[in-house]
Amino acid sequence: MKKQVVLYKKLSPLLMARLHEHTDVTLIDNLNPEGIEQLRAALPRAHGLLGASLKLDGELLDLAPNLEAIASVSVGVDNYDIDYLTERRILLSNTPDVLTETTADTGFALILATARRVVELANMVRAGQWNRNIGPVHFGTDVHGKTLGIIGMGRIGEALAQRGHFGFGMPVIYHSHSPKPAVEQRFDAQYRSLTALLQQADFICLTLPLTAETEGLIGAEEFALMRPESIFINISRGKVVDEAALIEALRTGQIRAAGLDVFEREPLNVDSPLLTLNNVVATPHMGSATHETREAMAGCAVDNLLMALAGERPKNLVNVGAWSGRKDFGVC
Ligand SMILES: NC(=O)C1=CN([C@@H]2O[C@H](COP(=O)(O)OP(=O)(O)OC[C@H]3O[C@@H](n4cnc5c(N)ncnc54)[C@H](OP(=O)(O)O)[C@@H]3O)[C@@H](O)[C@H]2O)C=CC1
Ligand SMILES: O=CC(=O)O
């Protein structure tokens, strides 16, 4: 008998065919209230789940007594209760690496767009307001040669450092749990405390995960350490930042501008004060959103799920404790 998989994200025909070959698939193609009801109805028979952008907590997963594995089509795993999954020995996998370069490209797009006011000035042209040569009131600020500050020197942080160092001649400073000698050597980067980074960087870029430790990491006190020339970029998760404090910092000129791909609540409400500010470039959580990368992520998730359902350790296992737990209990 084939195992039952519930998909809550559409896949390409190629990946769909691959999944169908090995499993019985139920597709929930919309996560509206009706789709969530369909998901709840499908959970009791599910052995595997594959999807993204949905909070899967214990309340929902208690409906899935046969669940063996969840393959998230994302690198971030803040939508999952890892302790709960580990306790139930449900294998959680994610999709690191394949999205690193694309997400760093998005980060750099936001750096350039905010510094050079690309969106604001392009909108001015569209609105028919380009009536004479632009002057200082419309000038931006240079990117090349400025100090790039990276908070969270992991895969994406490193890819951002590569772009800044080699592409734009930017001195790189960074903050992480611990110094990274290999990164320092490669990009001539220097480790800083969080406080020193916030005070010294021209571009302050968040590339860390949302965890209990990072939630609300950047608030009023942290914005107060930045300078009026500082540009703040968030491509990690909205909840790492106190959004009200960010809005205040932008409004009062405590910082120059912000490039934001992620928000406390997504999709961002059209009434958000952020959208009234010209010095904000807001994008719709599109860090990894290219055809190539999204297909690679989905392929990676399908591989992980099929491995897990075949009793093998998925390549990108997140909760290693669930695997050792399985072995201890003789499940595999
Ligand atoms: N906007 C988008 O579309 C996308 C957003 N993302 C987000 O980016 C995040 C990072 O992805 P990725 O680079 O692959 O992950 P990595 O795990 O490779 O890197 C994360 C880094 O953050 C650092 N970190 C974690 N907690 C802290 C902390 N409290 N203080 C300082 N540093 C910390 C870690 O440091 P150390 O190594 O020292 O422990 C680690 O190096 C994802 O979790 C996701 O939330 C990812 C893809 C797309
Ligand atoms: O935000 C995207 C992710 O992959 O995580």
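Start at 1 and go down the list; that is how both ligands and their atoms are numbered. Note that the structure is predicted; figures quoted are calculated from it, not measured. In this chain, numbering begins with 1 at the start of the sequence shown.
- Heavy-atom distances between Ser288 and ligand 1 reach below 4.0 Å in at least one pair.
- Heavy-atom distances between Thr211 and ligand 1 stay at or above 4.0 Å for every pair.
- Using a distance-only test at 3.5 Å, with no hydrogens or angles considered, a donor-acceptor pair links the side chain of Glu243 to the main chain of Glu264.
- Within the 4.5 Å cutoff, the side chain of Ile70 has no heavy atoms near those of the Leu305 side chain.
- Glu266 CD: more than 12 foreign heavy atoms inside a 6.0 Å radius.
- The shortest N or O to N or O distance between Ser288 and ligand 2 is not under 3.5 Å.
- The backbone and the side chain of Pro209 each have at least one atom closer than 4.0 Å to an atom of ligand 1 (non-hydrogen atoms only).
- Nearest non-hydrogen protein atom to atom 15 (O) of ligand 1 is Arg155 NH2, 3.5 Å.
- In summary, the atoms of ligand 1 found under 4.0 Å from a heavy atom of His285, numbered by their order in the structure, are 1 (N), 2 (C), 3 (O).
- Closest protein heavy atom to atom 32 (N) of ligand 1: Ser176 CA, 3.5 Å.
- Within the listing of ligand 1, atoms 4 (C), 47 (C), 48 (C) sit less than 4.0 angstrom from a heavy atom of Thr103.
- Counting protein heavy atoms only, atom 4 (O) of ligand 2 is closest to Val75 N, 2.8 Å.
- If you look at His177 next to ligand 1, the close heavy atoms, those under 4.0 Å, come from the backbone and the side chain alike.
- Heavy atoms of Thr207 found under 4.0 angstrom from ligand 1 belong exclusively to the backbone.
- The residues Glu215 and Arg237 are annotated as not salt-bridged, no charged nitrogen and carboxylate oxygen being separated by less than 4.0 angstrom.
- Checking only distances, Val73 never comes within under 3.5 Å of ligand 2, N or O to N or O.
- From the protein, the heavy atom lying nearest to atom 5 (C) of ligand 1 is Ile235 O, 3.0 Å.
- At the top of the distance list for atom 19 (O) of ligand 1, counting protein heavy atoms only, stands Gly154 CA, 3.2 Å.
- By the 6.0 Å contact criterion, NZ on Lys10 is open, its count of non-hydrogen atoms from other residues, nucleotides or ligands being 12 or less.
- Of the protein's non-hydrogen atoms, Asp261 OD2, 2.9 Å is the one closest to atom 1 (N) of ligand 1.
- Looking at Ser72 and Ser74, their side chains do bring a donor and an acceptor atom within 3.5 Å of each other.
- The contact set between ligand 1 and Glu213, taken as ligand atoms under 4.0 Å from a residue heavy atom, comprises 29 (N).
- Val302 pairs in a side chain to side chain contact (heavy atoms under 4.5 Å, CB included) with only one of the listed residues (Val5, Leu7, Leu50), which is Leu50.
- With a 4.0 Å heavy-atom cut-off, ligand 2 is reached by the side chain of Leu99 but not by its N, CA, C or O.
- Of the heavy atoms in Leu208, both backbone and side-chain atoms come closer than 4.0 Å to ligand 1.
- Ranking protein heavy atoms by distance to atom 23 (C) of ligand 1, first place goes to Gly152 CA, 3.6 Å.
- Applying side chain to side chain donor-acceptor pair (under 3.5 Å) to Asn316 and the options Asn94, Asp97, Asn304 leaves one that passes, Asn304.
- Here the heavy atom of the protein found nearest to atom 13 (O) of ligand 1 is Ile156 N, 2.9 Å.
- Ligand 1 lies within reach of Lys180, whose nearest heavy atom is under 4.0 Å from it.
- Between Tyr174 and Tyr191, the ring planes are perpendicular. Angles over 60° get that label, and only those under 30° would be called parallel.
- Distances between N or O atoms of Gly76 and those of ligand 2 include at least one value under 3.5 Å.
- In this structure, the protein non-hydrogen atom closest to atom 2 (C) of ligand 2 is His285 NE2, 3.6 Å.
- Annotation for ligand 1: atoms under 4.0 Å from non-hydrogen atoms of Ser178 are 38 (O).
- The protein heavy atom nearest to atom 42 (C) of ligand 1 is Val75 CG1, 3.8 Å.
- Within a 6.0 Å sphere centred on CD of Glu312, heavy atoms belonging to other residues, nucleotides or ligands number more than 12.
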Side-chain donor-acceptor contacts of residues 200-210 below 3.5 Å, not counting sequence neighbours, with atom names and distances?
| unit_1 | atom_1 | unit_2 | atom_2 | d |
| --- | --- | --- | --- | --- |
| Gln200 | OE1 | Arg192 | NE | 2.6 |
| Asp202 | OD1 | Arg227 | NH2 | 3.3 |
| Asp202 | OD2 | Thr147 | N | 2.8 |
| Thr207 | OG1 | Ile151 | O | 3.3 |
| Thr207 | OG1 | Gly152 | O | 2.7 |

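- Judged by distance alone, the side chain of Asp261 and the main-chain N or O of Met286 form a donor-acceptor pair under 3.5 Å.
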